[in-house]
Amino acid sequence: MKNIIQNINKAFDHRIRLGIMSVLMVNENADFATLKELLGVTDGNLASHAKALENENYIMVEKQFIGRKPNTKYIATKEGKKAFQEHIEALEKLISKN
């Protein structure tokens, strides 16, 4: 029997990372405040999970100032989009196996 969970990506195991990637798959980018509000997480949780995705090269982080206020923007990389799509396809195959 084929290993039906082999393409499930461990980087997306956590709900916050899954949420970050889900938002970035349907939006060109998202800033820190938007992700925090959409996902209902603390600053620390969002920052640590975003860092984990950045370490995998699944997202890029752009930091800038708007006026005098810092702004952090997240963008899914090509590699991240591909990995996330493969992860979703693997989950779909898993749940369709009855």
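In this chain, numbering begins with 1 at the start of the sequence shown. Remember, predicted model here, so these are calculated numbers, not experimental data.
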At their closest point, which heavy atom of N9 faces which heavy atom of H87, and how far apart are they? N-ND1, 3.0 Å
Please find the pair of heavy atoms, one from I75 and one from E62, that lie closest to each other, and give the distance. CD1-OE2, 3.5 Å
From F84 CZ over to L53 CG, what is the distance, rounded to the nearest 0.5 angstrom? 9.5 Å
Show, in sequence, the C-alpha distance, side-chain angles and deciding distance for M60 and K73, and conclude whether the side chain to side chain contact (heavy atoms under 4.5 Å, CB included) test is met. CA-CA 8 Å; M60 291 186 323; K73 181 168 61 173; over 6 Å; no
Pairwise side-chain hydrogen bond (donor to acceptor under 3.5 Å, both in side chains) hits with a residue in residues 20-32, at least two apart: D31-T34
Among all residues two or more places apart in sequence or in another chain, which pass the salt bridge (Lys or Arg N to Asp or Glu O under 4.0 Å) test with K81? none
If only atom types and distance count, is the side chain of T72 paired as donor or acceptor with the main-chain N or O of K63 below 3.5 Å? no
Looking at residues at least two apart in the chain, or sitting in another chain, which of them share a salt bridge (Lys or Arg N to Asp or Glu O under 4.0 Å) with K10? D13
Find the distance between CZ (R15) and CG (N45) and round it off to the nearest 0.5 Å. 7.5 Å
By salt bridge (Lys or Arg N to Asp or Glu O under 4.0 Å) - contacts of E89 (at least two apart): none
Check P70 against F65 and note the closest heavy-atom contact, atom names and distance. N-CD2, 3.6 Å
Taking ring-ring contact (aromatic ring centres under 6.0 Å, His included) as the cut-off, I'd like each qualifying pair that reaches into residues 13-59, sequence neighbours left out, listed once. F12-Y58, H14-H49
Where do T77 and N57 come nearest, in terms of heavy atoms and distance? OG1-O, 2.6 Å
For I16 and I20: C-alpha separation, side-chain torsions, deciding distance, then whether side chain to side chain contact (heavy atoms under 4.5 Å, CB included) applies. CA-CA 6 Å; I16 296 173; I20 292 169; 4.0 Å; yes
Rounded distance (nearest 0.5 Å) linking atom NZ of K51 with atom CZ of R17: 13.5 Å
Grab the two heavy atoms, one from M21 and one from G80, that are nearest each other, plus how far apart they are. CE-O, 3.5 Å
If I take atom CD1 from residue I88 and atom CE from residue M25, how far apart are they, to the nearest 0.5 angstrom? 8.0 Å
If you count heavy atoms of other groups shown closer than 6.0 angstrom to CD of Q64, is the number above 12? yes
Determine whether I8 and L91 satisfy the following criterion, side chain to side chain contact (heavy atoms under 4.5 Å, CB included), listing intermediate values before the conclusion. CA-CA 7 Å; I8 293 178; L91 289 174; 3.8 Å; yes
Among residues at least two apart in sequence or on other chains, which ones pass salt bridge (Lys or Arg N to Asp or Glu O under 4.0 Å) with E86? K82
Stepwise side chain to side chain contact (heavy atoms under 4.5 Å, CB included) test for L38 and V23: CA-CA 9 Å; L38 286 172; V23 171; 4.0 Å; yes
Gap separating the CG atom of N71 from the CD1 atom of I66, nearest 0.5 angstrom: 4.0 Å
